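Everything numeric in this text was worked out from a predicted model, so none of it was measured. First listed ligand is number 1; within each ligand, the first listed atom is number 1. Worth knowing before you read on, the calculation uses all heavy atoms, side chains too, and leaves out hydrogens, waters and symmetry mates.
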Amino acid sequence: MTSAPAISSISGKTRLIGLFGSPVDHSRSPVMQNSTFEAMGLDYVYLAFDVGGDHVEEAVSALRALNMRGANVTMPLKRAIIPHLDALSEAAELAGAVNVIVNDEGKLTGQISDGEGFMLSLRDAGHDVVGQRMVILGAGGAAIAVAVQAALDGVSEIVLFNRRDAFFEEARGLIERLQQRDLPIRLADLEDHALLAEAIRDADILVNATPVGMEGSLSKTALPDLELLRAELLVCDLIYVPRETRLLREAAARGCRTVPGTGMQLWQAAPAFRLWTGVDMDMTVARQALY
Ligand code: NAD
């Protein structure tokens, strides 16, 4: 059951929180955040605004001028918005991306909750990955956010495998910077099957952070050889539609524990909620609203 925001309880004191990006009309964040504000009796309202790259500066000015409490930021603004903010959290600075803005009396701080959401979803599913080794398929925005947070949380070794496309080149510079900050993150070529096989053999966690397995490629996986799936592996997919991708199905059939991307989709909302309101999000309400 999802509930609509209680319009009648909006007052002169209600604080506005936005979602900036394009497109945003499919987003589940407004229903999830508003249902939770209402259930918890918190005086906030969350609205999505379709903002493309051409209007990023004006959107940030509006956030200041209207004294909004903050915003979520989605594609295509996650990187482009950074020069317009006053400060960044450590994870946002390392990942070079922002998906949460907090407005503290005119000071705008950019944060990133995607990686935190992923790590919280593992904990929620009962998996402690501190000290373990992780292989990530992909090196795009989500992969980098997950890798940075995993490293900050104590995952001991992270290898991102990407095909030799534009993402590979972009990730190379970023990962060199992370290595200079002593984060245990490496980049490798997804076409190097011997290296991939070796890394997965030594890994505890395998994460798909590519779109392979979504609508249009439902029967595919980014993993070139499914025989690399060993029963000891924890296999995660960041894709949340469908909930069970082919990778997760094949992994479960081989005895692996699996975590779908729906957990990250839910849990990335929690750190943002806490930053804006100062209290913990009621995850039972948020979960009901999301699904
Ligand atoms: P992105 O466009 O920034 O990166 C895409 C990555 O996938 C790149 O590394 C690219 O090289 C790789 N890739 C694309 N097609 C490929 C193919 N055919 N074979 C191998 N590699 C391929 O995208 P993103 O924002 O990082 O998102 C990646 C996935 O994560 C998407 O499916 C997205 O829906 C999902 N995601 C989920 C959540 C969540 O809350 N669960 C949050 C963010 C992203």
Give the residue and atom name of whichever protein heavy atom lies nearest to atom 18 (N) of ligand 1, and the separation in Å to one decimal. R163 NH1, 3.2 Å
In terms of side-chain geometry, is the basic nitrogen of R172 or E176 positioned less than 4.0 Å from the acidic oxygen of its partner? no
Salt bridge (charged side-chain N to carboxylate O under 4.0 Å, His left out) contacts in which one or both residues fall within residues 146-168, not counting sequence neighbours: R123-D153, E157-R186, R163-D165, R164-D189
Residues, nucleotides or ligands: over 12 heavy atoms within 6.0 Å of E90 CD: no
Does ligand 1 come near enough to N162 that some N or O of the ligand is less than 3.5 Å from an N or O of the residue? yes
Return yes or no for this condition: an N or O of A222 is under 3.5 Å from an N or O of ligand 1. no
Does I239, backbone or side chain, put an N or O under 3.5 Å from an N or O of ligand 1? no
Using side-chain heavy atoms (C-beta onward) and a distance below 4.5 Å, is I175 in contact with L160? yes
Please write down residue, atom name and distance for the protein heavy atom closest to atom 14 (C) of ligand 1. P211 CD, 3.5 Å
Please report which non-hydrogen protein atom sits nearest to atom 23 (O) of ligand 1, along with the residue it belongs to and the distance in Å to one decimal place. G141 N, 4.7 Å
Looking only at N/O atoms, are Y240 and ligand 1 under 3.5 Å apart anywhere? no
Note: ligand 1 atoms sitting under 4.0 Å from heavy atoms of V212 are 16 (C), 17 (C), 18 (N), 19 (N)
Would you say atom 33 (C) of ligand 1 makes contact with the protein, given that contact here means a non-hydrogen protein atom less than 4.0 Å away? no
Under a 4.0 Å N-O cut-off, is there an ion pair linking E170 with R79? yes
Assess, by modelled atom type and distance only, whether the side chains of D50 and S22 contain a donor and an acceptor separated by less than 3.5 Å. yes
Taking atom types as modelled, is there a side-chain donor on T14 or D43 under 3.5 Å from an acceptor on the other? yes
Going by atom types only, do N99 and D114 share a side-chain donor-acceptor pair under 3.5 Å? yes
Out of all atoms in ligand 1, which are within 4.0 Å of some heavy atom of Q265? Include the element for each. 39 (C), 40 (O), 41 (N)
Distance from atom 42 (C) of ligand 1 to nearest protein heavy atom, with residue and atom: M264 CE, 3.5 Å
Atoms in ligand 1 with a heavy atom of G138 nearer than 4.0 Å: 9 (O)
Please determine whether a side-chain nitrogen of the Lys or Arg among D86 and R64 lies less than 4.0 Å from a carboxylate oxygen of the Asp or Glu. yes
Geometric N/O contact D165 with ligand 1, under 3.5 angstrom: yes
Salt bridge or not for E198 and R201, using N-O below 4.0 Å? no
I need the atoms of ligand 1 closer than 4.0 Å to a non-hydrogen atom of A139, numbered in the order shown. 9 (O)
What is the nearest protein non-hydrogen atom to atom 30 (O) of ligand 1, stated with its residue, atom name and distance? L238 CB, 3.7 Å
Is there a donor-acceptor pair closer than 3.5 Å between any side-chain N or O of Y291 and the backbone N or O of T262? yes
Taking atom 1 (P) of ligand 1 as the reference point, the nearest protein heavy atom with its distance: F167 CE2, 3.6 Å
Looking only at distance, does L190 have an N or O less than 3.5 Å from an N or O of ligand 1? no
Which word best sums up how the rings of F37 and Y44 line up, parallel for under 30°, tilted for 30 to 60°, or perpendicular for over 60°? tilted
Tell me if the CD atom of E57 is crowded by more than 12 foreign heavy atoms within 6.0 Å. no
With heavy-atom distances below 4.0 Å as the criterion, list the atoms of ligand 1 near M214. 32 (O)
The criterion is side chain to side chain donor-acceptor pair (under 3.5 Å); which residues satisfy it with D202, sequence neighbours excluded? none
Minimum distance, heavy atoms only, to atom 12 (C) of ligand 1: which one of T221, I144, T210 is it? T210
Mind checking whether G261 has an N or O less than 3.5 Å away from an N or O of ligand 1? yes
A209 and ligand 1 - part of the residue with a heavy-atom distance under 4.0 Å: backbone
Please check whether D114 reaches ligand 1 - meaning an N/O of the residue sits under 3.5 Å from an N/O of the ligand, judged on distance alone. no
For atom 43 (C) of ligand 1, the closest protein heavy atom turns out to be A142 CB, 3.9 Å
